[in-house]
Amino acid sequence: MVRSVVDRDDTDALSRTHVVLIGMMGVGKTTVGKRVAALLERPFVDADAELVQRSGRTVADWFATSGEPAFRQVESELLADLLNRPEPSVLAAGGGVVIETVNRKRLCQPDVFVVWLRADPAFLAKRVARKAHRPLIADDPVSTLSRLADVREPWYEEVADAVVDVARVHDREQRPKAVLAEHVAHAVRVHEAAGSVEL
Ligand code: S3P
């Protein structure tokens, strides 16, 4: 018997991708990512929290004791592992995930949909708390974030399938995080629908 349309479940299995949120520290990847995962009914993983849980060491300890290169190495291994899982998930990546070429290559694979939450350093500096998992944030967050953004923005752009202007949504909406999550989930659905197959 010939079916006119692929079974709904088959279509999902064919077209669903991992969703990765990228962007600078303080842009809201974790909060928005959790909401996106709820909207798409997929598991959520925060890369930093997962790294801490797996290694039994805080991000601050990785930087202080082993150094940034060692942190970047485990961050890369974790990204590869999470994206090799068969079940599509929503992942909030650490802000520096784009530094390593191997990560950028992995993020450009067709089974990953990357959303860049973009905001300028002045916006981020108001929100970025000096939390223990952000040892790179120094006394002058605006200049630190500007310096990091100058280097990273071309890489965010290189790997992003969609870009969301976070400050614009914060200016216009009463519930910006919820609206940002809806934008991201919508972009994912459009992307995945375009990739679905009709027989
Ligand atoms: C980093 C961002 C942090 C964390 C680490 C390094 C960065 O994650 O991975 O402090 O290099 O931008 P968030 O972006 O979740 O704050």
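All ligand and atom numbering here is 1-based and tracks the order in the structure. Computed over heavy atoms, backbone and side chain alike; hydrogens, waters and symmetry mates excluded.
Note on Arg72 versus Glu68: salt bridge recorded, some NZ/NE/NH1/NH2 to OD/OE distance being below 4.0 Å. The pair Arg106-Asp111 counts as a salt bridge, with a side-chain nitrogen and a carboxylate oxygen less than 4.0 angstrom apart.
Protein residues with a heavy atom under 4.0 Å from ligand 1 are Met25, Lys29, Asp48, Val59, Phe71, Arg72, Gly94, Gly95, Gly96, His133, Arg134, Pro135, Leu136, Arg152.
A donor atom on one side chain and an acceptor atom on the other are not found under 3.5 Å apart for Thr58 and Asp61.
Residues Leu180 and His170 are in side-chain contact: their nearest non-hydrogen atoms beyond the backbone lie under 4.5 Å apart.
Each of Val159, Leu83, Val115, Asn103 was evaluated against Val20; a single residue qualifies, Leu83, per the side-chain contact (heavy atoms from CB on, under 4.5 Å) test.
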Any chance you could lay out the side chain to side chain contact (heavy atoms under 4.5 Å, CB included) test for Trp155 and Ile22, step after step, and finish with the verdict?
-> CA-CA 10 Å; Trp155 288 330; Ile22 60 167; over 6 Å; no

